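Worksheet: the structure to be examined is printed underneath.
Keep in mind it's a predicted model, so treat the numbers as computed, not measured. What you see below is based on every heavy atom in this structure, not just the backbone, and it leaves out hydrogens, waters and symmetry mates. Each chain gets a letter, A, B and so on, in the order the sequences are listed, and its residues count up from 1.
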Amino acid sequence: MIIKVALRCVEPKLYTLIIGFYLVLLTFIYNIRLNYVMQTHLCNIFKHLIQYRMHKKATPSLLDWYHTHGRHELPWRNTEDPYHIYLSEVMLQQTQVKTVLERFYFPFLQRFPSLKTLGDAALDDVLKMWEGLGYYTRAKNLHKTATLVERLPSDIDALIALPGIGKNTAHAIAAFAFGQPVPVMEANVRRILCRIFALQTPAPKDLWDKAYDLLDTQNPFEHNQAMMDIGSGICLPKNPKCTLCPFASICTGKQTPQRYPLKQKKTVPIREEFIMVYRYNDRLSLTQRKGKFLHGLWGFESVDVPLCAAEYLGEVTHAYTHFKLVCKVYVYDELDKEQTHYFNLSEIRKLAISKVDEKILKLL
DNA sequence: AACGCGTGGCC
DNA sequence: TGGCCAAGCGT
């Protein structure tokens, strides 16, 4: 352990080795009166130094790899603004780069160019910009955070204290916006670590320990970005391109990459719902969702039993991550007093609605 | 600790 | 095509 720490602090130059060899030789040849423990200790230090040099030589540095192969054009890599970096991190939670880059990042920033404009906006307007991106509590927490702080803190614990910022996002902001020597721990990094160290079902703490161990503390930005680029472009879930990987020489799991990490499959339940829509003078009844599911979005009402007199329009299905939804849609051409909100088509387009309700709308 | 939480890319 | 998966977080 002491040796590993020493190796992190001191970049072993060639002259260190030469002097080291010279000392060891002196120790043996002239039988200098060092005790046995000291001799072994010295020998071990130099053995590790040699191994470290060979390792560095065998694996081209991540820094070099990043300069040559990294995705330098990603907009959140070319800004110093912590708000921009923070926004990208939240949008990218469980969401592919392509989606965020092509459809959401720029329009959102155009509409809310600063933390202050975001905090001053109405939540419904924020949700409208988030429409189609999914996981809507992200938008709610983003807005909430914008009302809480004028600028983002750089301290990891202070970041985690903000709603919507967990351990990974806090580390990402610390590393990317404030240059702190900390690793990130998301899907790509996790998979790389599992493959390198042949881990099937690692505990989170083990992964963080490995990540800290592997981190290039001199270049945290490049190191973390490189890890994510390798994870998304080389160390793929299926058919990883190990021949292109800078970690190939030290990777212990590359023979059977599909085993690391081990994935458990879950069966998704099917949920059936009756959707009851009231239609009156080309206006439709909608309600704003209150719970955690599709939070804040507008949609058609789900009922236990549809009205007998209502007309059955057909089925709409939608696959979520944890269940499959089958909606049987009914419409009734009367005004129901209990429905407080009626909208025509152009008004509905201004509301934030989900994919299911979009499908139901199409059916109507 | 194990779930609930959306949508779309990719094969 | 259906199934897997994605820059995770809150509870």
Side-chain angles (χ1 to χ4, degrees), chain A residues 70-71 74-77 84-105 127 130-142 144-145 159-177 182-194 201 203-205 207-208 211 221 223-233 235-240 258 261-271 289-297 299 317-325 352-359:
Chain A
R71 292 176 291 180
L74 294 177
W76 43 87
R77 294 185 180 180
H84 291 202
I85 292 166
Y86 161 52
L87 176 68
S88 75
E89 289 302 328
V90 175
M91 282 189 165
L92 288 162
Q93 288 168 7
Q94 295 289 279
T95 309
Q96 294 190 347
V97 169
K98 183 181 170 71
T99 304
V100 172
L101 187 62
E102 293 179 1
R103 297 173 49 199
F104 294 95
Y105 181 71
L127 279 169
W130 209 268
E131 181 184 38
L133 190 52
Y135 287 147
Y136 297 95
T137 51
R138 288 187 292 175
K140 186 190 176 188
N141 287 331
L142 197 66
K144 176 78 175 176
T145 290
L159 284 164
I160 292 178
L162 295 168
I165 300 181
K167 189 168 181 181
N168 172 61
T169 301
H171 278 67
I173 294 171
F176 297 144
V182 294
V184 299
M185 180 55 62
E186 40 65 75
N188 294 307
V189 176
R190 194 152 39 238
R191 191 170 53 253
I192 295 173
L193 294 177
C194 286
T201 54
K205 185 186 183 310
L207 288 172
W208 279 101
F221 182 98
H223 172 92
N224 283 315
Q225 304 287 21
M227 291 293 280
M228 291 194 283
D229 286 350
I230 291 166
S232 66
C235 196
L236 304 168
K238 291 173 186 171
N239 306 318
Q258 71 282 358
L262 218 57
K263 44 208 155 198
Q264 68 270 23
K265 55 177 180 182
K266 314 151 201 168
T267 57
V268 293
I270 296 177
R271 184 190 299 178
R289 295 174 185 268
K290 297 260 193 291
K292 292 183 177 179
F293 184 60
L294 299 170
H295 176 93
L297 270 64
T317 65
H318 192 70
Y320 295 94
T321 306
H322 290 285
F323 62 95
K324 183 175 176 181
L325 184 62
I353 69 172
S354 77
K355 278 297 154 190
V356 207
D357 292 301
E358 209 171 278
K359 289 180 184 175

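- A:N224 places a side-chain N or O within 3.5 Å of a backbone atom of A:V184 that can act as its donor or acceptor partner.
- Taking the P atoms as reference points, B:dA2 lies 24 Å from C:dA7, given to the whole Å.
- Nucleic acid contact for A:A187: sugar-phosphate only, since backbone atoms but no base atoms lie under 4.0 Å from a heavy atom of the residue.
- Place A:N141 and A:E186 on DNA chain C by their nearest nucleotides, and A:E186 ends up nearer the 5' end.
- Counting non-hydrogen atoms under 4.0 angstrom, A:R77 reaches a base of the nucleic acid.
- In this structure, A:T145 contributes its side chain and A:L142 its backbone to no donor-acceptor pair below 3.5 Å.
- For A:W208 and A:H171, the distance between ring centers is under 6.0 angstrom.
- Taking atom P in both C:dC9 and B:dG9, the straight-line distance is 23 Å, to the nearest Å.
- Chain A approaches DNA chain C over the interval C:dC5 to C:dT11, counting the first and last nucleotide 5' to 3' with an atom under 4.0 Å from its heavy atoms.
- With hydrogens and angles ignored, the 3.5 Å screen pairs no side-chain donor or acceptor of A:Q96 with any backbone N or O of A:K98.
- Panel note: side chain A:E131, backbone A:I353; a donor-acceptor pair is recorded below 3.5 Å.
- Within 4.0 Å (heavy atoms only), A:W130 reaches no atom of the nucleic acid at all.
- Looking only at distances, a side-chain donor or acceptor of A:R191 sits under 3.5 Å from a matching main-chain atom of A:C235.
- A donor-acceptor pair is defined here as one N or O able to donate and one able to accept, closer than 3.5 Å; such a pair exists between the side chain of A:R138 and the backbone of A:L133.
- Contact of the A:I230 side chain with the A:N188 side chain is not registered, since no non-hydrogen atoms from C-beta on lie closer than 4.5 Å.
- Regarding A:E102, its CD atom lies at a distance of 8 Å from the P atom of B:dG9, rounded to whole Å.
- A:K167 comes within 4.0 angstrom of the backbone, heavy atoms only, and of no base.
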Contacts under 3.5 Å, N or O only, protein and nucleotides 3-7 of chain B:
residue : atom : partner : partner atom : Å
B:dC5   : N4   : A:H322  : NE2          : 3.0
B:dG6   : OP1  : A:Y135  : N            : 3.3
B:dG6   : OP1  : A:Y136  : N            : 2.8
B:dG6   : OP2  : A:L294  : N            : 2.2
B:dG6   : O4'  : A:Y135  : N            : 3.1
B:dG6   : N7   : A:Y135  : OH           : 3.3
B:dG6   : N7   : A:T321  : OG1          : 2.8
B:dG6   : O6   : A:Y135  : OH           : 2.8
B:dG6   : N1   : A:Q94   : O            : 3.2
B:dG6   : N2   : A:Q94   : O            : 3.4
B:dG6   : N2   : A:T95   : OG1          : 3.3
B:dG6   : N2   : A:L133  : O            : 3.4
B:dT7   : OP1  : A:Y136  : OH           : 2.9
B:dT7   : OP1  : A:K355  : N            : 3.2
B:dT7   : O3'  : A:G132  : O            : 3.3
B:dT7   : O4   : A:T321  : OG1          : 2.9

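- For A:F176 and A:Y86, the ring centers are positioned 6.0 Å apart or more.
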